[in-house]
K.L.:
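Encoded as structure tokens, here's the structure I'll be asking about.
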Amino acid sequence: ADGAFLVSSSIKGGEVQKTEIFSELGGQLKIENPFKVCRVETADGVFETKNPTIILRTAKGEKITVEKA
């Protein structure tokens, strides 16, 4: 991941199940949505999105979770 992000993802049956991202320095995070609808959990709360690209502003030390909704 570009920009000091640590990414961990679980895959089952060839499909992404859940992705966890840790922002080491903070800054903009831009990832592809691997689902038709996903649930995103950040320090600011939880939301669902259908957008093919997810763009978030992160804080240093923040954990973001993306999973199927």
K.L.:
Calculate, to the nearest 0.5 Å, the distance between atoms CZ and NZ belonging to F35 and K68 respectively.
P.N.:
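Rounded to the nearest 0.5 Å, the CZ-NZ separation comes to 7.5 Å.
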K.L.:
Under a 3.5 Å distance rule, please check whether N33 uses its side chain to pair with a backbone N or O of T53 as donor and acceptor.
P.N.:
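Side chain of N33 to backbone of T53, a donor-acceptor pair under 3.5 Å: no, none is there.
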K.L.:
Same cluster for V7 and V66 if Ile/Leu/Val/Met/Phe/Trp/Tyr side chains link at under 4.5 Å?
P.N.:
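Yes, it is one cluster - the side chains of V7 and V66 are joined through contacts under 4.5 Å.
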K.L.:
How close do F22 and G61 get, counting heavy atoms only, and between which atoms?
P.N.:
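Reported closest heavy-atom pair: CE1-O, 3.3 Å.
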K.L.:
Is the shortest heavy-atom distance from the side chain of C38 to the side chain of N51 under 4.5 Å?
P.N.:
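A side-chain contact is absent here, since even the closest heavy-atom pair is not under 4.5 Å.
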K.L.:
Is the closest basic N to carboxylate O distance between K18 and E20 below 4.0 Å?
P.N.:
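Looking at K18 and E20, the cut-off is met.
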K.L.:
How long is the span from the CG atom in L56 to the CD1 atom in I21, to the nearest 0.5 Å?
P.N.:
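Answer rounded to 0.5 Å: 8.0 Å.
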K.L.:
Check E48 with R39, please: is the shortest side-chain N to carboxylate O separation under 4.0 Å?
P.N.:
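A salt bridge is absent here (no side-chain N lies under 4.0 Å from a carboxylate O).
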K.L.:
For a quick test of reading the model, state the closest non-hydrogen atom pair linking R57 to Q28 and the distance between them.
P.N.:
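Shortest heavy-atom separation between R57 and Q28 comes out as NH1-N, 3.3 Å.
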K.L.:
Can you name the residues that form a side chain to side chain donor-acceptor pair (under 3.5 Å) with T19, not counting sequence neighbours?
P.N.:
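With sequence neighbours excluded, T19 shows a side chain to side chain donor-acceptor pair (under 3.5 Å) to S9, given in chain and number order.
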K.L.:
Are L25 and L6 co-members of a hydrophobic cluster defined by side-chain heavy atoms under 4.5 Å apart?
P.N.:
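Each belongs to a different hydrophobic cluster.
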K.L.:
Which heavy atom of V40 sits nearest to which heavy atom of T42, and what is that distance?
P.N.:
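Here V40 and T42 meet closest at CG1-CG2, 3.9 Å.
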K.L.:
Rounded to the nearest 0.5 Å, what separates atom OG1 in T58 from atom CD1 in I64?
P.N.:
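Here the interatomic distance stands at 5.5 Å.
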